[in-house]
Trainee: 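One structure is given below, represented as structure tokens, and several questions about it will come after.
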Amino acid sequence: MKFMVLVKADANTEAGVMPSEQLLAEMGKFNESLVKAGVLLAGEGLHPSSKGARIRYNGSQRTVIDGPFAETKELVAGFWLIQVKSRDEAIEWLKRAPFDGGAEIEIRQVFAPEDFGPALTPELRANEERLRAQAAAQQQ
Amino acid sequence: MRFMIIRKADAETEAETGPAGPEHAQLLKDMMAYNQAMQDAGILRGGQGLKPSAAGARVQFRNGKPTVTDGPFAEAKELIAGFTLIEVQSKEEALEWVRRWPASDGHGNVSLELRQLYELEDFEGVAGPELKELEQQMHASADVPR
């Protein structure tokens, strides 16, 4: 099963403070262990919300609100996508991540095609799989 | 430049029923057509939908010690229900795509957040060459379809 690990924002990530070389090295080591175990599917870091925007939809109306956004601890600063056998395994991996100082991450299970039932017709499912393969190929 | 489109959670995405009901057939079709349009434009890089937070957990780190809290988490509108990754020329171009998000999602009432991704160049001066090499190797081995 796949899990998304969300790294919550804090004052530093929202100020665009880059991590120290030591933290980058520790994070690199952690990532390397995920890769070696065949667990890591993807991972990215996000710029501060000041470079982002929010869009709210009401009927045909689209309202764009430019960042920054105030509620720092509700924001996301980065994520990993991992593939493991169970939620416990996901938690065990993340306990080893080089965080401290009250940092919080959130682990969330990713929907698999089976979860959509008959609404995901064989045709839609084939289309979805083709799109995923194409998008992944362009990521290179 | 790459952007992450974050789909905020709501009462429906946090409900235990999941997306298997027939009422989701139209949404699935619309979402697929939207993803296809992004793919045809050559900008789609990935995306996933998240199960309700009841299937998840939070881990907080203090003094190097992790504390685990099981879901569900109460603040539905602060939670995330899914994301799409795109690569475009500007934030404006990203916003143009986001404005076209399918109206059948959330019965026309949805909140999205657009966020720019860090690239290797952003770590210039912090990361040594060996870290960059490691990062590149990681991406090469991790970004494969499964």
Trainee: Using heavy-atom distances under 4.5 Å, tell me whether Asp122(B) contacts chain A through its side chain, its backbone, both, or neither.
Mentor: both

Trainee: Counting only heavy atoms closer than 4.5 Å, note whether Gln36(B) contacts chain A via side chain, backbone, both or neither.
Mentor: both

Trainee: Among Val64(A), Val5(A), Leu34(A), Leu6(A), single out the residue with the greatest number of heavy-atom pairs under 4.5 Å to chain B.
Mentor: Val64(A)

Trainee: Name the option with the most non-hydrogen atom pairs under 4.5 Å to chain B; the candidates are Ser60(A), Ala53(A), Ser49(A), Gly117(A).
Mentor: Ala53(A)

Trainee: Honestly curious: do Leu79(B) and Phe79(A) fall in one hydrophobic cluster under the side-chain, below-4.5 Å linking rule?
Mentor: no

Trainee: Counting distance only, does the side-chain N/O of Arg115(B) pair as donor-acceptor with the main-chain N or O of Lys51(A) below 3.5 Å?
Mentor: no

Trainee: Inspect the surroundings of CZ in Arg130(A) and state if more than 12 heavy atoms from other residues, nucleotides or ligands are less than 6.0 Å away.
Mentor: yes

Trainee: Top residue by heavy-atom pair count (under 4.5 Å) with chain A, among Ile43(B), Ile6(B), Ile80(B)?
Mentor: Ile80(B)

Trainee: Which value, rounded to the nearest 0.5 Å, describes the distance between Asp105(B) atom CG and Tyr57(A) atom OH?
Mentor: 9.0 Å

Trainee: Mind listing the closest non-hydrogen atom pair of Pro52(B) and Phe111(A) along with its distance?
Mentor: CD-CZ, 4.1 Å

Trainee: For Phe3(A) versus Ala55(B), what's the shortest heavy-atom pair and its separation?
Mentor: CE2-O, 4.2 Å

Trainee: Counting only non-hydrogen atoms closer than 4.5 Å, does Leu27(B) touch chain A with its backbone (N, CA, C, O), its side chain (CB onward), both, or neither?
Mentor: neither

Trainee: Are Phe69(A) and Leu112(B) connected, step by step, through hydrophobic side chains (Ile, Leu, Val, Met, Phe, Trp, Tyr) whose heavy atoms are closer than 4.5 Å?
Mentor: no

Trainee: Tell me whether Lys29(B) is salt-bridged to Glu128(A), with the criterion being a basic N under 4.0 Å from an acidic carboxylate O.
Mentor: no

Trainee: When you measure from the side chain of Arg99(B) to the backbone N and O of Thr63(A), does any donor-acceptor pair fall under 3.5 Å?
Mentor: no

Trainee: Using a strict threshold of under 4.0 Å (side-chain N to carboxylate O), is an ion pair present between Glu44(A) and Arg2(B)?
Mentor: yes

Trainee: Using a 4.5 angstrom heavy-atom cutoff, name the option from His47(A), Glu104(A), Glu114(A) with the most pairs to chain B.
Mentor: His47(A)

Trainee: Heavy-atom distance under 4.5 Å between the side chains of Glu113(B) and Leu75(A), does that happen here?
Mentor: yes

Trainee: To check you understand the geometry: which heavy-atom pair defines the closest contact between Ile105(A) and Phe61(B), and what is its length?
Mentor: CG1-CE1, 4.0 Å

Trainee: Is it the backbone or the side chain of Val68(B) that comes under 4.5 Å from a heavy atom of chain A, or both, or neither?
Mentor: side chain

Trainee: Side chain, backbone, both or neither: which part of Met32(B) has a non-hydrogen atom closer than 4.5 Å to chain A?
Mentor: both

Trainee: Is it the side chain or the backbone of Ile65(A) that comes within 4.5 Å of chain B heavy atoms, both, or neither?
Mentor: neither

Trainee: Please determine, among Gly45(A), Ser20(A), Gly67(A), the option with the most heavy-atom pairs under 4.5 Å with chain B.
Mentor: Gly45(A)

Trainee: How long is the straight-line distance from OG1 of Thr121(A) back to CG of Leu28(B), given to the nearest 0.5 Å?
Mentor: 8.5 Å

Trainee: Output the distance between atom CG (Leu46(A)) and atom OH (Tyr118(B)), rounded to the nearest 0.5 Å.
Mentor: 8.5 Å

Trainee: Quick one: closest heavy-atom pair of Gly46(B) and Ala135(A), and the distance?
Mentor: N-CB, 4.1 Å

Trainee: Pick whichever of Gly56(B), Ala57(B), Ala103(B), Ala25(B) has the most heavy-atom pairs under 4.5 Å with chain A.
Mentor: Ala57(B)

Trainee: Any chance you could measure Gln109(A), atom CD, to Gln48(B), atom CD, to the nearest 0.5 Å?
Mentor: 11.5 Å

Trainee: Just so I understand: if I count every heavy-atom pair under 4.5 Å between each of Gly102(A), Ala119(A), Gly59(A) and chain B, which residue has the most?
Mentor: Gly102(A)

Trainee: Which atoms of Ile55(A) are under 4.5 Å from chain B, going by heavy atoms: the side chain, the backbone, both sets, or neither?
Mentor: both

Trainee: Is Glu123(A) atom CD crowded by more than 12 heavy atoms from other residues, nucleotides or ligands, each under 6.0 Å away?
Mentor: no

Trainee: About how many Å separate CD of Gln138(A) and CD of Gln39(B), when rounded to the nearest 0.5 Å?
Mentor: 5.0 Å

Trainee: Got a donor-acceptor contact below 3.5 angstrom from the Arg108(A) side chain to the Lys51(B) backbone?
Mentor: yes

Trainee: Which pairs with one or both residues in residues 58-71 of chain B pass side chain to side chain donor-acceptor pair (under 3.5 Å), sequence neighbours excluded?
Mentor: Arg87(A)-Asp70(B), Glu106(A)-Arg58(B), Arg58(B)-Glu75(B)

Trainee: If two hydrophobic side chains count as joined below 4.5 Å and joins carry through other members, does Val35(A) share a cluster with Trp93(A)?
Mentor: yes

Trainee: Give the interface residues of residues 90-97 of chain B toward chain A, defined by a heavy-atom separation under 4.5 Å.
Mentor: Lys91(B), Leu95(B)

Trainee: Taking every non-hydrogen pair under 4.5 Å, which of Trp101(B), Phe73(B), Phe3(B) racks up the most with chain A?
Mentor: Trp101(B)

Trainee: Just how far is it from atom CG of Asn58(A) to atom CG of Asn109(B), taken to the nearest 0.5 Å?
Mentor: 4.5 Å

Trainee: Between Phe116(A) and His24(B), is the gap from one ring center to the other below 6.0 Å?
Mentor: no

Trainee: Chain B heavy atoms under 4.5 Å from Pro98(A): which part of the residue, side chain, backbone, both or neither?
Mentor: neither

Trainee: Just wondering, do Pro66(B) and Phe99(A) contact through their side chains at under 4.5 Å, heavy atoms?
Mentor: no

